[in-house]
Amino acid sequence: MIRSLLTCRIALTASVVVVLAGCSDPAPRTSAPTSAPTESTASPSPSAPTSSSTPTARPSEPAVAGADLTALELPVLVGQVFMTATEPAAAQPETLDAITDHHVGNVMLRGRGTEGVKATAEVVRTLRHAAGDPTGGLPLLVATDQEGGLVQVLRGRGFSEIPRTTVQGGWSVATLRARATTWARELRAAGVDLNLAPVLDTVPDAAFAERNAPIGYFDRQFGFTPADVTRHGLAFLDGMEAGGIIGTVKHFPGLGRVTANPDTSSDVHDTQTTATDEYLAPFEAAIAADAEVVMMSTATYDKLDPDESAAFSRPIVTGLLRERLGFDGVVISDDLSAAKQVADRSPQRRAVDFLRAGGDLVLAIDPDHMAAMTSAVVTEAEKDPAFRARVEEAATRVVALKRSHASR
C-alpha cells in the first residue's frame, strides 16, 4: 500500500524541495547531551547480544470485539483512548493496575530492555492477560520505540542492533525497506503491534543538527532535506507494514528546527513552520501513502498557533492535520506525563485538552497519572455531550486500528 505510492510521491516532493545540505552521518557523540531523545528513551542503551534468527511464535491474544463501542460503559470506553507504559523487563504493578482498575487499553514498552524477544513476549502475555473484562473484551495495543541508535528500547537475543537513523538514511531505499521488515518481524514475534517510528522531522543541515536538541543532536533524522526524509521515512514505514507492524510518523508538524527538547525543557517554540511549509512534505507523503498513526509534537508553533502547543491546538490537530492534509487515522500524543513542555497544566487538563483538539490516543508513560487522567475525561464526557462524542470518535479510531492489525 505504502510502496505503491512511494515512487510518485518522492518525485513530486523532490521537484519542490530546495536542497539544503547533503546527507551525512554525524560523528559519534563524545560529550554528555544537554537534552534527551523523545518518547522517554533518555540514555544510551548498553550493547546487547544479537541473533540472526528471528522467532516466529507470537503471543496469543483475544479477538477484537465487534460490539458497538457506544454500548460500553463510559469508563471502559475512555480507557481505549489512553496508553501508559511499563519497563520491558517486567510488567510493572502500576501498569497492571492501570489496565485492571482504570480500563487502560494500550501499553507502551519504554526505557531500556536487553532481555530479548522471548522474555519480552512473556511480559506482553502478562499485560494482555490483565486485559479482557477490564477493557470490555478489547485487546491491548502494545507499542514500543524502535527507531535505532540511541532510541531502541528492545535489545537482546532475537533483536537486531539497529543503527542510527542517519546511517539508515545512507542506505538505498530497497535496503532500508528490507531491513525494516526484519526489524518489524522481530517486534511482532515479541508481541508488539505498534512502533513509534519513523521520525519524519527534517533538520536543515549538519551544522544546525548540533543545536537541534530533540532530533539532530541524537542523529534521529534520515537526511537534511524533506525529499531525503520522505524517501527513507516511507521506506522504513513500508518495511514495518510488510513485517506486520503498524508504524507511527512523528513528530507532527516537525521538531527539526527547534533548539530545545520538549521532554526536558519548557517554552519550546518553532518560529518558522507554516501551513504550507516544505518541511511538512514528509508527513503529507506519508498520509498519501496511507500511514495509520501520526504522533503530535508538544512544541509551540508560532506561525500556526502561538497560544497552544501542537498537541493541544485544534488549529493544528484538526485544522492542519485532519482537514488540510486529510489524515483520518489515529493521532497519538507525545508523552503527556513527564514532558516539561506540558508541565504548565495539570495531567487532567492535558488529557482533556488533547482530546478536545482532535487527538485520539493519550500517551502518558507514567501509569500513576492514569487515575487522574481517565477520571477527568469521564467527568468531562458526562457533563458535555459534544466532548463525549469526541471521545467516542477517538475510541472508534483506536479500535479500528486494532481490528485492522488483528486481521493481517
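Index from 1, following the sequence. In what follows, every heavy atom counts, from backbone to side chain, and hydrogens, waters and symmetry copies are set aside.
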- [ ] Among R177, R231, R179, find the one that has a salt bridge (Lys or Arg N to Asp or Glu O under 4.0 Å) with D238.
- [x] R177

Task: Note, D263 side chain near P214 side chain (heavy atom, < 4.5 Å) - done: no

Open item on the list: Looking at D335 and K250, is there a salt bridge between them, counting it only when a charged N and a carboxylate O are closer than 4.0 Å?
Closed with: no

Open item on the list: Are the side chains of I287 and L321 in contact, using a 4.5 Å heavy-atom criterion?
Closed with: yes

Task: Pair D145-R110, side chain to side chain contact (heavy atoms under 4.5 Å, CB included): steps then yes or no - done: CA-CA 7 Å; D145 203 355; R110 63 169 292 266; over 6 Å; no

Open item on the list: Could you tell me if the side chain of V377 sits less than 4.5 Å from the side chain of V362, heavy atoms only?
Closed with: no

Open item on the list: Quick check: do T259 and F208 have side-chain heavy atoms less than 4.5 Å from each other?
Closed with: yes

Task: Partner set under side chain to side chain donor-acceptor pair (under 3.5 Å) for T248, not counting sequence neighbours - done: none

Open item on the list: Tell me every residue that passes side-chain contact (heavy atoms from CB on, under 4.5 Å) with A275, counting only those two or more places apart in sequence or in another chain.
Closed with: L304, L320, R324

Task: Which atom of R188 lies closest to which atom of G243, heavy atoms considered - done: CD-O, 3.7 Å

Open item on the list: Applying salt bridge (charged side-chain N to carboxylate O under 4.0 Å, His left out), can you list everything that pairs with R390, at least two apart in sequence or on another chain?
Closed with: D360, E393

TODO: Work out which heavy atom in G105 is nearest to a heavy atom in T135; give both atom names and the distance.
DONE: CA-CG2, 4.1 Å

TODO: Could you check if a side-chain atom of Q146 sits within less than 4.5 angstrom of a side-chain atom of L154, using non-hydrogen atoms only?
DONE: yes

Open item on the list: Could you measure the distance from the CZ atom of R350 to the CG atom of L355? Nearest 0.5 Å is fine.
Closed with: 14.0 Å

TODO: Applying salt bridge (charged side-chain N to carboxylate O under 4.0 Å, His left out), name anything that partners E308, two or more places apart in sequence or on another chain.
DONE: R345

Open item on the list: What I'd like to find out is whether the side chain of E380 reaches to under 4.5 Å of the side chain of R356, using heavy atoms alone.
Closed with: yes

TODO: Please identify each residue that fulfils side chain to side chain donor-acceptor pair (under 3.5 Å) with T379, with sequence neighbours left out.
DONE: none

Open item on the list: Tell me which pairs pass ring-ring contact (aromatic ring centres under 6.0 Å, His included) where either residue lies in residues 78-128, with sequence neighbours left out.
Closed with: none

Task: Under the side-chain contact (heavy atoms from CB on, under 4.5 Å) test, residues paired with S266 that sit two or more places apart - done: none

Task: Qualifying residues under side-chain contact (heavy atoms from CB on, under 4.5 Å), relative to P163, sequence neighbours excluded - done: V167, Q168, W171, W183

Open item on the list: Which heavy atom of L77 sits nearest to which heavy atom of A395, and what is that distance?
Closed with: CD1-CB, 3.7 Å

Open item on the list: According to salt bridge (charged side-chain N to carboxylate O under 4.0 Å, His left out), who are the partners of R349, at least two apart in sequence or on a separate chain?
Closed with: D353

Task: Shortest non-hydrogen contact from E292 toward S404 - done: OE2-OG, 3.6 Å

TODO: Grab the two heavy atoms, one from V142 and one from G191, that are nearest each other, plus how far apart they are.
DONE: CB-O, 3.9 Å

Task: Spacing of CG belonging to D277 relative to CD belonging to Q272, to within rounding of 0.5 Å - done: 8.0 Å

TODO: Indicate whether the side chain of D366 and that of S337 have a donor and an acceptor atom separated by less than 3.5 Å.
DONE: no

Open item on the list: For D101, I'd like to know if atom CG has over 12 heavy atoms of other residues, nucleotides or ligands within 6.0 Å.
Closed with: yes

TODO: Could you list the residues that satisfy side chain to side chain donor-acceptor pair (under 3.5 Å) with D267, not counting sequence neighbours?
DONE: H269

Open item on the list: Run V258 and N212 through side chain to side chain contact (heavy atoms under 4.5 Å, CB included) and show every step you take.
Closed with: CA-CA 6 Å; V258 302; N212 177 231; 3.9 Å; yes

Open item on the list: Does any part of the side chain of T181, heavy atoms only, come nearer than 4.5 Å to the side chain of R185, both counted from C-beta?
Closed with: yes

- [ ] Please examine the side chains of F236 and T165, heavy atoms only from C-beta on, and report whether any two atoms are closer than 4.5 Å.
- [x] no

Task: Summary of ring-ring contact (aromatic ring centres under 6.0 Å, His included) pairs that have at least one residue in residues 281-313, sequence neighbours excluded - done: F252-F283

TODO: Report the residues that fulfil side chain to side chain donor-acceptor pair (under 3.5 Å) with E94, sequence neighbours left out, ordered by chain and then residue number.
DONE: none

TODO: Examine distances only and state if a side-chain atom of T120 and a backbone atom of G116 form a donor-acceptor pair shorter than 3.5 Å.
DONE: yes

Task: Least distance between heavy atoms, T126 atom then A91 atom - done: CG2-CB, 3.9 Å

Task: Pair R388 + E392: basic N to acidic O under 4.0 Å - done: yes

